[in-house]
Amino acid sequence: MRNSEKRHLAWLALALPLFVPLPLTAAQNTLNGGIAVGQAYDSNIYRTKTGEESEWKTTVTPSLLYTRAEPTNTLSLKYAPGIVYNYRTDDKYMDQFVAATYDHQLSQRFRLHFLDTYILTDEPYEDSETNNRTNQTYGGPGIPDKPETIQISDQRGQNRYWANNFSTLASYEYAQQSSVNIGYQYYILDNKDDTDADFTKHSPHISVMHHINQQWDTQIAYRFTQGDFDEIEPLTSSSSTSDTSEDLTTNATDLYLYYNITPMTRVFGHYGYSETNYDGIQEDYDSHTLSAGATHQVSPTISLGGEAGASLLQRESSDTNAMYLRVSLNKAWKRSSWALSAN
């Protein structure tokens, strides 16, 4: 797919919620503005085993959010450019973030959700169907957020790119806080550097969230992904790119178990299995992920979270292990908030 075609598809998907017919009923229109300041540190930006290079960044992000709310539907449009200063390179540049969402309540139990996001940045991304800034959950009515899972694929490092993520989700609540969710995701990524492969990914998925009782919730999810990778420019005239431009299919299953110790404290466990198959010479692999964590609402404005996990990636040639630990602290005020996290 040519770059111009991908850009047209991206902007068409982003504009889709604007063409959804809205009923002629009383609507509440709101326009909110805000500003966020973020400080980020990466100890190894290129993910190398030797010669590690660190980086500090400061990002100032003003934002505008327009919301049109009616009794059965809500439309939201957000624009948030990020003004970035990189201390390592002494560069100043601007990231872009645009989002459009539309929710429609067809009945008391049946809901449709549409989301499209566009980003332009050089933040490291991972070669998976979900980008960190556009991550989709399997959520639905009464469903807790899906805990973030460990990412075991290789990161590409610093590279300017744009990405568009369109998703749609249909949720049916068959019992109180229990639902079936069926969705589809279409993801486009285009790199500025021709030596990195661009791709498009199609990903239908289904999940079931079941509320057992006041203490226990469980969730099972399945996702199929088909990735179409473009061929990349060789570094030299004799270079071969056949091992980086082949397509793939992935089948992934996740199981979650949540336990509410108190109304303010929740723990969870997660097991995930996926298999990825390439249509060329790249080696197929299976992955297993096991993680556990907890969240605690200290007060109405302060929350704490922690998560630890381990994964095993299995190839015929060798196995790879990975572990991670993540903690976070969030504080909210009436008109502002701040968050502190570490991985």
Side-chain angles (χ1 to χ4, degrees), residues 36 38 103 105 108-111 113 115 126 128 130 132-152 167 169 171-183 205-223 252-274 287-312 321-343:
D103 289 281
Q105 196 78 30
Q108 186 176 2
R109 295 184 177 272
F110 189 46
R111 179 175 67 92
H113 174 75
L115 167 68
E126 301 195 1
S128 67
T130 307
N132 289 336
R133 289 185 62 185
T134 57
N135 180 43
Q136 296 304 295
T137 68
Y138 298 101
I143 293 179
D145 288 341
K146 167 180 173 289
E148 292 189 28
T149 55
I150 189 169
Q151 301 291 336
I152 58 177
S167 65
L169 184 73
S171 299
Y172 177 72
E173 189 175 14
Y174 63 86
Q176 185 178 12
Q177 297 183 2
S178 301
S179 64
V180 178
N181 310 283
I182 300 175
H205 56 87
I206 183 171
S207 67
V208 178
M209 180 71 187
H210 185 68
H211 180 68
I212 301 173
N213 53 42
Q214 288 186 346
Q215 280 74 43
W216 293 97
D217 296 285
T218 186
Q219 181 181 19
I220 186 170
Y222 168 77
R223 178 181 290 266
T253 303
D254 292 279
L255 178 64
Y256 302 90
L257 187 63
Y258 306 88
Y259 179 70
N260 300 304
I261 300 175
T262 69
M264 299 297 180
T265 305
R266 155 176 282 199
V267 296
F268 63 84
H270 161 249
Y271 171 73
Y273 170 77
S274 69
S287 69
H288 303 264
T289 302
L290 188 65
S291 63
T295 59
H296 177 65
Q297 194 74 33
V298 180
S299 69
T301 60
I302 300 177
S303 62
L304 297 171
E307 183 181 355
S311 68
L312 172 65
N321 299 311
M323 298 186 67
Y324 78 95
L325 176 65
R326 178 183 298 119
V327 292
S328 64
L329 171 64
N330 296 275
K331 167 68 176 177
W333 286 278
K334 184 176 181 180
R335 295 181 178 273
S336 63
S337 63
W338 61 262
L340 178 66
S341 63
N343 295 306

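Small disclaimer: the values here were computed from a predicted structure and weren't measured. In what follows, every heavy atom counts, from backbone to side chain, and hydrogens, waters and symmetry copies are set aside. Quick note: residue numbers are just sequence positions, from 1.
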Quiz prompt | Spacing of CG belonging to L325 relative to CG belonging to N343, to within rounding of 0.5 Å | solution = 8.5 Å
Quiz item: Do you see a donor-acceptor pair shorter than 3.5 Å between the side chains of H210 and Y174?
Solution: yes
Exercise. Working to the nearest 0.5 Å, report the span between OG of S207 and CD of Q219.
Key: 5.0 Å
Quiz item: Taking the six-membered ring for Trp, are H270 and Y256 parallel (under 30°), tilted (30 to 60°) or perpendicular (over 60°)?
Solution: parallel
Practice problem: Please report the shortest heavy-atom distance between E173 and Q177, naming the atom on each side. | Solution: OE2-N, 3.0 Å
Exercise. Would you confirm whether N213, through its side chain, and W216, through its main-chain N or O, come within 3.5 Å as a donor-acceptor pair?
Key: yes
Quiz prompt | From CD1 (I182) to OH (Y172), nearest 0.5 Å | solution = 12.5 Å
Quiz prompt | Trace of the side-chain contact (heavy atoms from CB on, under 4.5 Å) decision for S167 with L169 | solution = CA-CA 7 Å; S167 65; L169 184 73; over 6 Å; no
Quiz item: Is there a donor in the side chain of H296 and an acceptor in the side chain of T265, or the other way round, less than 3.5 Å apart?
Solution: yes
Practice problem: Over all heavy atoms of both residues, which pair between G272 and D254 is shortest? Give the atoms and the distance, please. | Solution: CA-OD1, 3.5 Å
Practice problem: Return the minimal non-hydrogen interatomic distance between L115 and H113, and the atom names on each side. | Solution: CB-NE2, 3.7 Å
Exercise. Walk me through it: do I302 and L329 pass the test side-chain contact (heavy atoms from CB on, under 4.5 Å)?
Key: CA-CA 7 Å; I302 300 177; L329 171 64; 3.9 Å; yes
Quiz item: Looking at CD of Q297 and CE of M264, how far apart are the two atoms once the value is rounded to the nearest 0.5 Å?
Solution: 6.5 Å
Practice problem: Could you grab the distance from atom CH2 of W338 to atom CG of N330, nearest 0.5 Å is fine? | Solution: 8.0 Å
Exercise. Mind running side-chain contact (heavy atoms from CB on, under 4.5 Å) on L312 and L290 for me, showing each step along the way?
Key: CA-CA 9 Å; L312 172 65; L290 188 65; over 6 Å; no
Practice problem: Look up atom OG1 in T253 and atom NE2 in H205, then write down how far apart they are to the nearest 0.5 Å. | Solution: 13.5 Å
Quiz item: Of all heavy-atom pairs between S178 and H211, which one has the smallest distance, and what is that distance?
Solution: OG-N, 2.8 Å
Quiz prompt | Where M209 and T218 come nearest, the two heavy atoms and their spacing | solution = SD-O, 3.4 Å
